[in-house]
Number of protein chains: 2
Amino acid sequence: MKPKRIVIIGAVASGTKTAAKAKRENPDAEITLITEEAEISYASCGTPYFISDMIKNSHSLIIREPDYFRKMLNVDVLTEHRAESIDPETKRVEITNLKTNESLTLDYDRLVLAVGSIPNLPDFEGVGYGNILTLHNIPSAMQIKSLIRQKKVKDALIVGGGFIALEMAESLITHGINTRLIIRRGQILSNFDKDIALLVQNYIKTKGVQILEEDEVREFKADAEGNVANVITKKQTVPAEFVLLATSIRPNIQLAKRAGIEIGQTGAIQVNKKLETNIPDIYAVGDCVETMHLITGKPAWIPLATTSNKHGRVAGINITGGNDTFPGILGTFVVKVFDWSVAKTGLSEKEAIKNGFDTESIIVPSNDKAHYYPGSKRIIVKLITEKRNGLLLGAEIVGDGVVDKRIDVVASAMTGRATVEQLSKYDLSYAPPYSSPMDPVITAANVLHNKLKGKINSISAMEVKDKIDRKDDFILLDVRTKPEYNSGYIEGCIHIPLNDLSSKMDQLDKSKEIVTYCGVGLRASNAHRILKNAGFQDAKFMEGSMAAWVYKIIK
Amino acid sequence: MKPKRIVIIGAVASGTKTAAKAKRENPDAEITLITEEAEISYASCGTPYFISDMIKNSHSLIIREPDYFRKMLNVDVLTEHRAESIDPETKRVEITNLKTNESLTLDYDRLVLAVGSIPNLPDFEGVGYGNILTLHNIPSAMQIKSLIRQKKVKDALIVGGGFIALEMAESLITHGINTRLIIRRGQILSNFDKDIALLVQNYIKTKGVQILEEDEVREFKADAEGNVANVITKKQTVPAEFVLLATSIRPNIQLAKRAGIEIGQTGAIQVNKKLETNIPDIYAVGDCVETMHLITGKPAWIPLATTSNKHGRVAGINITGGNDTFPGILGTFVVKVFDWSVAKTGLSEKEAIKNGFDTESIIVPSNDKAHYYPGSKRIIVKLITEKRNGLLLGAEIVGDGVVDKRIDVVASAMTGRATVEQLSKYDLSYAPPYSSPMDPVITAANVLHNKLKGKINSISAMEVKDKIDRKDDFILLDVRTKPEYNSGYIEGCIHIPLNDLSSKMDQLDKSKEIVTYCGVGLRASNAHRILKNAGFQDAKFMEGSMAAWVYKIIK
């Protein structure tokens, strides 16, 4: 007999998806959805856009009303109910009705935990003052929006540099609020490599976001009404009538732990490919579980709505007697930050090295459309690969051009375990409004393949910066045109335009290390070939050149 | 010793790419580029945008000047020179200087044919009259643009329905020209399935393009000056002061044939994966060659700029003593038609069937972004798969939303030989401005996987139309809301909104075949499940529903 009584705890993305899918698989299933919240099935990813007023009505963020589940799917929905405990022996869940404080018990044949994640609240002194908030659901979004609407917020501080922090920085700037972002390290987006993160960081500074780098909150100070007014940090004191705590989140595992459900090495609930926990008939899905990372082969906790939705389908099939599996994740994501898109798939180079890979990488800026097509914009592609076999390990792509397409292509290639060489020959679509005949990821793959084959010799902007800081004895050669050079150059460089290089290269010491740079790396690459062919012992070009240079420019 | 003397015939995309890559691989190579044209290395794909005035200056379309190749790469460039014959024995090319009519001879160690394609000029009576033109290079684009600028063109006729025809239809409409398009069959885009092609066809009609369907040019009539004035077709006579012949193109193979180079079954030059012809030391690249289709495993001739550029790299490596291969193509392409994007990868269902595949397919309309995000638009995804194993065979995606990203994802998946089930679990990027948590291709893959597994029962809009035309005895059930129904429905349907279905289904005959439809197929799918569960013997839903219905609507 097919299992009939299904209890699902949590009703945002993965919980409601599980319910809907299970009901489609087995219309006779008796399903109960339990949630502490008043709303179910809402798009938490849309909350920053609701706060920025791009989305006017919070109702737009509700995908499905409880009544849809009740009437159309015949799923019982208990909102504002908290699951207190699970007894795997008797297969029962103890529940409290938060409105009446009454207790009730539900029996299950199959139980699904879809309890999501919860914000880590740092224990800064004064963290309990008014207007120090987190953004994790619709009520919290409405609270922030109403605070902004009162127009009393002149200064805001965002604690953290992850993607919610960045989306909210944009929201607050849109409202004309003086916005600061405080990060413990020197870079936002800690899961990105520093070279790419700093490009985004420089960009958002131009949009008016002030970044308190390598700084930490020490204490919040309140006004007479008990609302936050000032923030004392390690380095300074800043005003803030609103503080958003966007530091980090953790999987919500307390209920699972109490029931004896195994927690994995990442701190999230451990499940197999069928999304079963270690306890028979208990499944877990969405942000509260860890899943296999397709590149490392190890468990990873990267909570994303995309994974939650897929989990819901897989669990919905399995709890109704079917057989489906979830293969794992790459952690692909994209975030809009003002006019830039910031995306990643797989591992950053830093993460790849931490996971024991011997890596090679490249940064290649390109136009997102045919260079002559109006509105063509720049994107910067970083590809990371395993040195010994060229297998793709990850990519980071940023810029004001079309980024999401390229990250999805790399993610698709990585799912098929492609090498950079294979990627360089992918048959991707092209017409001038969409791409170049050689798409930016194909170009990047070609350059990285050349690097792996030893056909080119290049170093990153960060390495050049280190060389300068170390006062290495090397020639830094700017091969751009005179007007480009005059618009800003790197300190200590020699300027010889590429066109003049052959005739003027005898000014340069052939025995010295020489690093060429240009606008995006193309001319610099040509220049280093010319120098190499002319007998220079150690010619390299700077990857991405000025487009990847996040440091000081002399004007 | 590495081969030094390289002669490349043809200098648009693949020829110049071959030269540049060869020079980078071996700076000592002595390379000569020969072309009959005055320009080299231009973007022929950009010509429709030059004609529409979106790109003002033809110079923007020139990627590289001959002087760049001469001075920067040290490549000899002979423009306005025609290669007359090749002698593989003596390894010589006979050439005519078209400006002076002088002959010259070039010796080669390696020869590369990059001679492209040429338009098929139909032998309609009067085809030689003035202002009956083709669009195949920059001079022809300038000729068309100058004709339009004279403002004497009130009516134009485009012969053909391929992507150049569609791009040019948009260009001409932009100029306020009354534009007709004549096609021999009932559909534009003959390499698309009819259901998708008709969606595009209906759309461009709304933009003012008149389509003469199942019609053919019989004769052109000229005015007193010998310029075209009227066109007599099989069915009618239409005025036209400008006729664009965009019927078809063919590989340029005459020179190759005369040299004894093998021509393949597609009529294009046959090459192996190294892009070698059957004659030692002669290579061929770009639009003049056929290449292996990655899905059929058979040779295919699908000339595209993307392939040409990749060919150039592979040939450039091989002719300088390296070893690279070109794996094959999917024929992925995208074209902008007014505000729609129209894209395809792999095989259409028609082509798949012709190639012996037992196919299954689905049409699924979706929003390209989160449905609540401002500017979210619709795209329509058709996925084609092999029935027995679910392997992806092709996709066609159209609409005014973001299409190119999705076609590139499917192309990438197909390169990795993915099944629809695998595609449905791809870890693609998501944030509200970019996609839904379930990307449109993932949703389509899920629906198709359900169809393959027999979990859903659906038929295409075209099949429904056939059933209506055949006067089949079946129930057509519209499950939309009353206002939606009132805005237009399919003749002969019964209307019961989904919300009322359970209470009103006893009005319907359970033994009869019943086909449900809604706006995009989602509610129709739910409805057919409800009916099936209620004991209806033969319930189906119409794939894509009204969004895929290209036929008459009753208002």
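Chain naming here is simple, since letters A, B, ... match the order of the sequence lines and numbering starts at 1 in each.
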Item to check | Side-chain touch A/I456/B/R24, heavy atoms, less than 4.5 angstrom | outcome: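 No, their side chains stay 4.5 Å or more apart.
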Checklist entry - So, do A/Y49 and B/P433 sit near enough that their side-chain heavy atoms are less than 4.5 Å apart? => result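 Yes, side chains in contact.
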So, [X] side chain and [Y] main chain: donor-acceptor pair closer than 3.5 Å or not?
| X | Y | result |
| --- | --- | --- |
| B/T415 | A/Y426 | no |
| A/T332 | B/D427 | yes |
| A/D408 | B/L428 | no |
| B/K336 | A/P432 | no |
| B/K71 | A/N499 | no |

Quick one: what part of [X] sits under 4.5 Å from any heavy atom of chain A, side chain, backbone, both or neither?
| X | result |
| --- | --- |
| B/M72 | side chain |
| B/S435 | neither |
| B/Y434 | both |
| B/V335 | backbone |
| B/K23 | neither |
| B/L501 | neither |
| B/K17 | side chain |
| B/I302 | neither |
| B/A343 | neither |
| B/K455 | side chain |
| B/N309 | both |

So which of [options] has the biggest tally of heavy-atom pairs under 4.5 Å with chain B?
| options | answer |
| --- | --- |
| A/M54, A/E167, A/R313 | A/R313 |
| A/Y373, A/F50, A/F333 | A/Y373 |
| A/N446, A/I530, A/L330 | A/N446 |
| A/A418, A/G416, A/S525, A/S341 | A/S341 |

Checklist entry - If you look at every heavy atom in B/T325 and A/K425, which pair is closest and at what distance? => result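 Closest heavy-atom pair between B/T325 and A/K425: O-NZ, 2.7 Å.
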Checklist entry - What is the minimum heavy-atom distance between A/S60 and B/H371, and which atoms define it? => result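 Nearest pair, atom of A/S60 first, then B/H371: O-CE1, 3.9 Å.
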So which of [options] has the largest heavy-atom pair count under 4.5 angstrom toward chain A?
| options | result |
| --- | --- |
| B/V410, B/I55, B/I407 | B/I55 |
| B/G46, B/A413, B/A411 | B/G46 |
| B/I63, B/V314, B/N526, B/T306 | B/T306 |

At a 4.5 Å cut-off on heavy atoms, which part of [X] comes close to chain B: side chain, backbone, both, or neither?
| X | result |
| --- | --- |
| A/A370 | neither |
| A/S424 | backbone |
| A/K56 | neither |
| A/L498 | both |
| A/M438 | side chain |

Item to check | Intermediate values then yes/no, side-chain contact (heavy atoms from CB on, under 4.5 Å), B/D324 and A/E421 | outcome: CA-CA 10 Å; B/D324 199 8; A/E421 187 184 4; 3.6 Å; yes
Item to check | Among B/R406, B/K405, B/K369, the one residue meeting salt bridge (charged side-chain N to carboxylate O under 4.0 Å, His left out) with A/D404 | outcome: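 Checked B/R406, B/K405, B/K369 against A/D404; only one passes salt bridge (charged side-chain N to carboxylate O under 4.0 Å, His left out): B/K405.
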Euclidean distance, [Y] [atom2] relative to [X] [atom1], rounded to 0.5 Å:
| X | Y | atom1 | atom2 | value |
| --- | --- | --- | --- | --- |
| B/I317 | A/K453 | CD1 | NZ | 9.0 Å |
| A/L304 | B/S429 | CG | OG | 10.0 Å |
| A/Y372 | B/S58 | OH | OG | 12.5 Å |

